[in-house]
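First up is the structure itself, then whatever we jot down about it.
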Amino acid sequence: MSAATTTNAADRLGIRAHSDGGWDAPSTRTTPVQTRSDRFSSNIHDDFAIVVGTELEWKLTPVAAVRPLIDDALDGSPYAYFVNGSPGVAVEWVDRNDARIGTAGTAEDRASANAWSSFEKALAITVSGDEPVELTLSRSSFGPSARGAHTLITAKANSRAHIVLQNDGQALLSENVEIVVEDGAQLTVVSVQEWADDAIHLASHFATVGRDARFTHVVVSLGGRVVRLNPSVHLSGDGADGELFGLYFADAGQHFEQRVYLHHQAAHTKGRVNYKGALQGVGAHTVWVGDVLIGRDAAGTDSYEQNRNLVLSEGTRADSIPNLEIETGDILGAGHASATGRFDDEQLFYLQARGISEAEARRLVVLGFLSEIVQKIGRSDLEERLQLAIDAELATGTSA
Amino acid sequence: MSVLEVKNLHVSVETEQGTKHILKGVDLVIREGEIHAIMGPNGSGKSTLAYSIAGHPKYHIDSGSVTLDGIEVLTMSVDQRARAGLFLAMQYPVEIPGVTVTNFLRTAKTAIDGVEPSIRQWVSTVNKAMADLRMDKSFAARNVNEGFSGGEKKRHEILQLELLEPKFAILDETDSGLDVDALKIVAEGVNRAKTNTGLGILLITHYTRILRYITPDFVHVFVDGRVAEEGGPELADRLEDEGYDRFLTTDNVTTDSQANERVTSQGPSETSVG
Ligand SMILES: Nc1ncnc2c1ncn2[C@@H]1O[C@H](COP(=O)(O)OP(=O)(O)OP(=O)(O)O)[C@@H](O)[C@H]1O
Ligand SMILES: [Mg+2]
């Protein structure tokens with residue numbers, strides 16, 4: 001479809017820098033044929049055609065592995081979860097007819113619509129008041145059968161919250177997460193995927209960010225067989241600010257995919273997208289698609305997106321596809337960068353020349369590369385734990 | 001008494017145009033506490049010598065040996081050489097995003113010593129070394145070389161030299177790009193390291209001005225991949241006055257018999273590569 005996609009096809013097999021930008025090069029715009037906001041959407045499973053695997057939104061995904069979530073009936077009953085956090089946050093199951101459902105977005109693929117059609121109750125997390133609050137929602141008992149889930153996160157006007165969705169254990173899960181950031185609110189949502197090795201997880205996160213509100217979204221994917229998490233964020237109020245970060249470490253046989261959509265709808269909105277990933281081991285595959293749409297009314301927009309991948313071994317594949325569409329001439333700035341590269345031998349040499357062993361030097365460089373994102377998480381306990389988790393990833397890998 | 005000995009070292013690199021021979025038989029002996037200056041035209045192979053001793057994988061050793069106290073270092077990995085007591089202050093130190101100076105220094109010290117330094121003492125040692133080199137404390141929290149000015153990178157190299165306490169250090173143009181004050185500060189650091197640990201130094205430079213602060217015991221003129229002449233500190237002054245012309249002949253790449261034939265029309269950088 002888009003020119004950018006075609007240009008980037010070459011990147012998939014190789015490890016070259018993206019053709020229109022180095023690590024930091026601002027670059028020219030690339031415009032898809034179909035405007036991103038025109039993509040078909042529906043919350044009804046049957047509205048979507050049978051997936052064959054060559055479709056734009058599926059062609060980089062191991063469709064056979066996720067097939068049950070696309071086609072089969074999903075168990076949408078409430079599941080066990082564990083909450084740890086401030087009393088100022090309400091967590092409750094709500095009915096399908098809750099007025100908030102559907103306010104942040106609509107499914108754009110068949111697996112997402114399948115989950116939407118299947119859930120019996122939605123888990124609603126509501127933040128109000130103006131004291132800053134923290135919450136961790138842990139989910140670790142989905143089990144092996146195919147499930148659908150729906151989550152509603154609402155940050156009431158002028159509230160401030162930091163929410164972690166911590167995912168562990170077995171899963172065969174398709175889910176939708178709706179996030180409403182009301183005017184003046186400040187919300188961080190961190191979704192951590194540390195699933196068991198055979199877990200399959202498809203997720204669509206939909207967010208709307210109101211006037212002068214601030215939303216930070218962080219995707220951390222370390223564990224699971226296939227994790228595909230697609231955040232769509234609409235900066236819909238004037239002065240809204242969206243920061244979308246991602247960090248992934250794919251080992252042998254793991255597929256981690258993130259299709260990011262950042263929509264600047266209103267004026268004076270600011271957007272930053274920064275995803276960083278490491279790949280190690282045969283069959284490690286990562287996909288990053290970054291669609292940024294600066295709409296007609298988004299005067300004064302400031303937007304930048306980037307994706308960087310660090311390849312640590314042979315046999316990996318990193319797809320990195322930025323798309324930037326601009327419908328107004330009146331913007332402050334917009335750019336994108338995408339690069340996939342091998343380990344920098346000069347960095348390795350420098351560290352080794354100071355007595356540091358090769359394995360330790362690699363560890364330092366990879367942790368350093370990913371730490372830029374870890375530091376954005378904003379919870380020191382989680383940041384420390386993730387540093388250790390990344391360390392463990394490195395230790396299990398093929399590094400010399 | 002430690003000795004670093006380079007014997008008949010031949011080194012080449014693979015380039016797109018084929019194999020390029022850079023070092024063509026280098027001989028050098030540096031003893032503990034000695035300062036050897038190496039001066040020579042651009043492209044003559046000085047950095048190649050430095051990198052080859054340190055073990056950079058890009059450089060292929062064709063023949064020769066480098067021994068530290070009689071033990072061959074050319075068969076060691078880069079980090080083994082550093083742990084054996086070699087240090088290279090690089091001409092172009094690389095940036096390492098996300099790795100703080102504090103973390104880097106502690107990791108390096110631990111690797112060199114084989115044990116983690118006691119935290120309290122280490123912190124005060126680092127603070128003092130930074131103060132001596134007039135490095136602001138804020139550098140400790142910054143990422144290695146990231147956004148450092150040229151001069152700051154060089155000070156950071158000398159900071160590592162002082163903290164890691166090697167037996168021999170190769171300083172590759174550590175003086176280039178330094179203003180007069182920074183030059184003095186860096187020279188003081190090098191002299192301190194020598195006084196404190198009996199460091200032997202191979203100082204690669206283009207300028208005699210650093211030799212006013214770090215007095216060499218020997219000066220070697222490096223031309224076309226080998227040492228063309230050796231002498232005392234006075235040789236440096238002579239080079240400053242005369243340049244390298246008398247070492248550069250029209251075809252000194254292929255023959256060695258025309259030492260008197262001067263090239264007068266070209267600067268050293270054009271002729272040295274041949
Ligand atoms: N990796 C490489 N690939 C190709 N050529 C190389 C490589 N490394 C060094 N050379 C060449 O070898 C020669 C010697 O280079 P080297 O950097 O050792 O010179 P130098 O004496 O340090 O010069 P300068 O005074 O400019 O620092 C030069 O002609 C250089 O271009
Ligand atoms: Mg050099």
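On a predicted model such as this, the values are computed, not experimentally measured, just so you know. Letters A, B, ... are given to chains in the order of the sequence lines, protein chains preceding strands, and every chain is numbered from 1.
- Both the backbone and the side chain of P93(B) come within less than 4.5 Å of a heavy atom in chain A.
- Only the side chain of N145(B) comes within contact range of chain A, judged by heavy atoms closer than 4.5 Å.
- At a 4.5 Å heavy-atom cutoff, the contact between S357(A) and chain B is made by backbone and side-chain atoms alike.
- By the 6.0 Å contact criterion, CD on Q121(B) is open, its count of non-hydrogen atoms from other residues, nucleotides or ligands being 12 or less.
- Heavy-atom distances place the side chain of E157(B), and not its backbone, under 4.5 Å from chain A.
- The neighbour count for H10(B) NE2, taken as heavy atoms of other residues, nucleotides or ligands under 6.0 Å away, is above 12.
- The closest side-chain heavy-atom distance from I30(B) to V3(B) is not below 4.5 Å.
- Proximity to chain A involves both the backbone and the side chain of I96(B), based on heavy atoms less than 4.5 angstrom apart.
- Only the backbone of E95(B) comes within contact range of chain A, with at least one heavy atom under 4.5 Å from a heavy atom of that chain.
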Test log, rule ring-ring contact (aromatic ring centres under 6.0 Å, His included), inputs F256(A) and F249(A)
CA-CA 8 Å; F256(A) 292 152; F249(A) 194 127; 9.1 Å; no
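- Aromatic ring pairs are classed by plane angle as parallel below 30°, tilted from 30° to 60° and perpendicular above 60°; the pair F148(B) and H156(B) is perpendicular.
- Ring planes of H285(A) and H255(A): perpendicular class, angle over 60° (limits at 30 and 60°).
- Below 30°, between 30° and 60°, or above 60°: for F104(B) and Y350(A) the angle between ring planes is below 30°, a parallel geometry.
- Note on L164(B), T100(B), N103(B), T107(B): by heavy-atom pairs under 4.5 Å with chain A, the leading option is T107(B).
- Neither the backbone nor the side chain of K109(B) comes within contact range of chain A; no heavy atom of the residue lies under 4.5 Å from a heavy atom of that chain.
- Highest contact tally toward chain B, considering only E346(A), E372(A), Q375(A), R354(A), is held by R354(A) [criterion: heavy-atom pairs under 4.5 Å].
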